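What follows is a single structure, written as structure tokens, with notes after it.
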Amino acid sequence: MSYDAPLQEVDAEIAGLIRQEELRQHEKMRLIPSENYAYPAVMEACGSVLNNKYSEGYAGRRYYEGQQSIDAIEVLAIERLKSLFGCEHANVQPYSGSPANLAVYLAFCKPGDTVLGLSLDSGGHLTHGHKVAISGKYFHAVQYGVRKDDHRIDFDQVAALAREHRPTLLFCGGTAYPRVVDFARFAEIAREVGAVLVADIAHISGLVAGGVHPSPVGLAEVVTSTTHKTFRGPRGGMILCDDKHRKAIDRAVFPGLQGGPHNGTTAGIAVAAKLAATEEFRAYAESIVRNAKALAEGLLARGIALVSGGTDNHLLLCDLTPKGVPGKVAAKALDAAGIVCNYNAIPYDPRPPMNPSGIRIGTPALTARGMGEAEMTQLASWMADVIDAPEDAALRERIAGEVRALCNQFPAPGIQP
Ligand code: DSN
């Protein structure tokens with residue numbers, strides 16, 4: 001066997017599994033709100049010779065020679081993000097969202113310092129101070145939540161905790177919060193107690209770039225994000241910040257936390273940032289939100305309760321308690337019917353995290369396929385049918401066939417069916 005042969009010849013087993021995953025991504029309706037279809041151009045940049053190069057350091061200040069192309073690529077990615085988000089500095093080297101957040105801790109905190117973030121069950125992220133994560137183990141993490149009655153951020157609680165604990169960092173943003181994040185309100189509180197406000201926009205960076213969610217830039221001194229969710233770039237991370245924090249952030253990412261950046265990813269981020277600056281992308285972002293609202297309407301009409309009563313962004317959190325179906329049972333039944341989501345805790349969930357009361361769904365991937373409100377209405381009806389009868393195997397099979405037929409009309413970007 002030649003070492004230079006294509007994947008199919010070198011390793012048919014892996015090639016077959018990748019093909020199987022391609023088919024899955026083509027023939028199922030993918031509703032996990034943090035997933036998407038990266039642009040084919042992004043995939044091309046990621047799977048290129050850039051994989052072969054080490055580049056510790058930053059453009060013009062590297063530890064190895066041979067950076068003629070790499071420096072130009074990284075500068076392009078940075079300049080495009082600065083222009084897109086209107087920020088003073090961008091670091092594009094974090095390997096993903098969690099390392100991006102960890103770098104922020106390293107830049108501003110010593111172990112044991114106090115940090116304040118949104119709790120996981122209220123829609124926050126492990127990296128915002130959860131007790132099982134490094135953010136909760138190495139720092140004194142205090143958590144705020146959403147109100148019980150309307151599931152919106154409890155700003156009275158945020159302000160009270162901030163005044164009591166005087167955190168070094170105040171994190172806002174999350175992974176299962178279906179409403180607009182009021183960055184201005186957070187900034188006011190951070191300013192009052194002398195905390196650095198960090199906005200984690202991993203889920204909504206595409207919505208911010210597309211102008212359908214307010215931007216934290218100018219309000220939060222530091223903004224972190226992944227680059228592969230609504231942004232449609234490669235698996236990666238970025239940190240945007242004010243100029244005064246440039247040195248601290250850059251040093252924290254390298255040499256503080258990471259080694260060489262993944263240069264293919266950097267190129268992919270540059271490509272995604274270029275595409276996110278187009279009118280087409282604004283229209284895409286608008287459609288994501290329009291579709292999420294249509295899906296919410298369809299589900300509510302079928303008696304499925306939604307945390308906070310609906311959505312302002314790309315995601316919905318369904319509370320299946322009134323249906324008497326645990327989230328995990330629903331998620332598995334829906335997957336068998338060709339509709340992929342994840343089970344998820346809801347605020348004040350009486351059930352454990354591995355078997356919670358809710359499912360989390362979102363519209364970025366379906367919207368990338370060109371689906372619209374009519375398809376969302378149909379989807380809501382299929383979902384409600386399955387949730388009403390999760391044990392009905394014949395129903396699941398029939399719906400899986402109908403889902404496949406619909407997916408055949410909406411090609412998945414970059415996938416040959
Ligand atoms: N795994 C991501 C999500 O699904 O929201 C967050 O890290």
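Remember, it's 1-based here, ligands and their atoms both numbered in the order they're listed. The figures that follow rest on heavy atoms only: side chains count, while hydrogens, waters and symmetry mates do not. Everything quoted here is computed from the prediction, not taken from an experiment.
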Distance-only donor-acceptor check, side chains His128 and Asp200, under 3.5 Å: yes

For atom 1 (N) of ligand 1, is some protein heavy-atom partner under 4.0 Å away? no

If you measure only the distance, is there a donor-acceptor pair under 3.5 Å linking the side chains of Arg369 and Tyr37? yes

Would you say ligand 1 has an N or O under 3.5 Å from any N or O of Ser34? yes

Between the side chains of Asp319 and Ser357, is a donor N or O closer than 3.5 angstrom to an acceptor N or O? no

For residues Tyr58 and Asp71, is any side-chain donor paired with an opposing acceptor at under 3.5 Å? no

Which atoms of ligand 1 are found less than 4.0 Å from any heavy atom of Arg360? 3 (C), 4 (O), 5 (O)

Going by distance alone, is a donor N or O of one side chain under 3.5 Å from an acceptor N or O of the other, for His314 and His203? yes

Thr175 heavy atoms within 4.0 Å reach ligand 1 at atoms 5 (O), 6 (C)

Check each heavy atom of Glu35 against ligand 1 and say whether those closer than 4.0 Å belong to the side chain, the backbone, both or neither. neither

Could you list which atoms of ligand 1 come closer than 4.0 Å to a heavy atom of His125? 6 (C), 7 (O)

Would the distance check show the side chain of Ser122 and the main-chain N or O of Leu118 forming a donor-acceptor pair, the cut-off being under 3.5 Å? no

Within 4.0 Å of some non-hydrogen atom of His203, the atoms of ligand 1 are 3 (C), 5 (O)

